[in-house]
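Chain letters run A, B, ... following the sequence lines, proteins first and then strands; every chain starts at 1. This is a predicted model, so every value here is computed, not measured.
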2 protein chains.
Amino acid sequence: MNKSRVLRPAPDLPAEEAQAARFEKARLAQSTAVLEDYAELISDLIASEGEARPTDIARRLGVSHATAIKSIARLKREGLATSKLYRGVFLTPNGETLARRVRTRHRLVVDLLLAVGVPQGAAEADAEGIEHHVSDETLRAFAEFLDRK
Amino acid sequence: MNKSRVLRPAPDLPAEEAQAARFEKARLAQSTAVLEDYAELISDLIASEGEARPTDIARRLGVSHATAIKSIARLKREGLATSKLYRGVFLTPNGETLARRVRTRHRLVVDLLLAVGVPQGAAEADAEGIEHHVSDETLRAFAEFLDRK
DNA sequence: TTCTAAATGTAGCCTAGGCTACATTTGTTC
DNA sequence: GAACAAATGTAGCCTAGGCTACATTTAGAA
């Protein structure tokens with residue numbers, strides 16, 4: 001039945017697996033993207049406003065407060081944040097570490113986009129989605145490229 | 001109650017909205033990422049194997065065939081693909097157009113990563129997630145940067 | 001101190017995209 | 001042409017992350 005399968009030479013198989021692995025990595029990155037965004041935002045809000053409240057988080061992310069509260073619950077489940085009823089949200093040490101890493105990465109991505117000639121607005125907008133898929137290896141390359149400039 | 005709200009100066013508000021808009025754009029890009037991946041893959045399979053079958057699509061993406069079939073159903077709902085029971089999958093003209101656009105964008109992203117010094121493996125892996133968040137404006141900047149090199 | 005608006009939290013719904021388990025169809029092989 | 005293995009499709013479950021509607025708590029104002 002499967003004629004094409006039989007005809008396909010063996011060398012294709014490793015390539016197929018590599019492709020599948022790339023997609024899987026992208027899916028994984030996506031599943032942590034929300035956590036990363038929240039961690040960074042909570043950290044920013046605490047730094048600039050003194051506290052991170054669900055309503056402010058929701059407004060900044062452009063989602064309803066109910067959605068924000070649900071995601072905050074996930075952050076808590078994953079050990080990245082803490083909060084008490086009707087009180088603001090705080091990051092655990094793990095959450096702080098994540099926020100720092102995300103902030104650094106975000107800046108590097110924006111800077112790289114600017115360095116290759118992407119206009120400011122587009123750089124900031126696109127970085128918001130791109131950053132979650134930039135591996136440490138790629139990040140290192142970005143840093144070196146910016147150093148050379 | 002909301003002291004920080006009152007204290008926050010007006011100039012913050014446009015910035016908040018801009019930030020929310022960036023996140024919303026990223027969410028939107030994410031929701032079309034799967035469609036884009038399938039369209040490109042189906043197009044590739046038809047070109048290289050003569051047909052695109054759910055099992056092959058599933059194996060290449062690293063998901064179960066049931067998942068692939070569900071996503072193919074969404075492609076059909078969105079007018080990007082067609083298929084008959086127990087037959088392969090085909091792209092509509094809209095699907096073809098999307099696939100072409102995605103393929104071009106994918107190549108450009110990989111090329112740009114390579115050009116700034118990202119190692120081949122990381123470039124190919126990261127591009128899989130990054131590409132979906134690269135706007136036309138950014139893509140143009142990438143192309144110009146590569147031309148200059 | 002009480003009232004009330006805003007913030008916070010809860011419930012329940014939806015879609016997308018994963019999965020496994022099972023049913024059906026196809027096409028090759030004997 | 002019958003049997004069987006592989007491909008395809010279906011059903012049902014799960015989680016994440018959207019939403020609206022409603023309930024509860026808080027804290028500032030009167």
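For B:Tyr38, counting side-chain heavy atoms from C-beta on, the closest listed nucleotide (C:dG18, D:dT8, C:dT10) is C:dG18. Comparing C:dG18, D:dC19, C:dT10 against the side chain of A:Lys70 picks out D:dC19 as the nearest.
Checking the phosphate oxygens (OP1, OP2) of D:dC19, a side-chain nitrogen or oxygen of A:Ser64 falls inside 4.0 Å. An OP1 or OP2 oxygen of D:dA27 is reached within less than 4.0 angstrom by a side-chain nitrogen or oxygen of A:Arg87. In this model, the phosphate group of C:dA16 is approached by a side-chain N or O of B:Arg77 to a distance below 4.0 Å at OP1 or OP2. For the pair A:Arg27 and C:dG17, the criterion of a side-chain N or O lying under 4.0 Å from OP1 or OP2 is not met. The side chain of A:Ser31 contributes no N or O atom lying less than 4.0 Å from OP1 or OP2 of D:dA16. Listed pair A:Thr67 / D:dG17 fails the phosphate criterion, with no side-chain N or O lying under 4.0 Å from OP1 or OP2.
Each of A:Tyr86 and A:Ala66 has a nearest nucleotide on DNA chain D; the 5'-most of these lies closest to A:Ala66. Comparing B:Glu78 and B:Leu85 by the nucleotide of DNA chain C whose heavy atom lies nearest to each, the residue mapping closer to the 5' end is B:Glu78. Of the residues near DNA chain D, B:Ser83 and A:Val63, the one whose nearest nucleotide (by heavy atom distance) lies more toward the 5' end is B:Ser83.
The pair A:Asp44-A:Arg103 meets the salt-bridge criterion, since a charged nitrogen lies less than 4.0 angstrom from a carboxylate oxygen. The residues A:Arg74 and A:Glu78 are annotated as salt-bridged, a charged nitrogen and a carboxylate oxygen being separated by less than 4.0 angstrom. With respect to the salt-bridge test (charged N to carboxylate O, under 4.0 angstrom), the residues A:Lys25 and B:Glu128 do not qualify.
Under the salt bridge (charged side-chain N to carboxylate O under 4.0 Å, His left out) test applied with A:Glu36, the options A:Arg105, A:Arg101, A:Arg100 reduce to a single match, A:Arg105.
Taking atom CG of residue B:Asp37 and atom P of nucleotide C:dA16, one finds them 16 Å apart after rounding to whole Å. Across the protein-nucleic acid pair, B:Ile72 atom CD1 and D:dT8 atom P stand 9 Å apart, rounded to whole Å.
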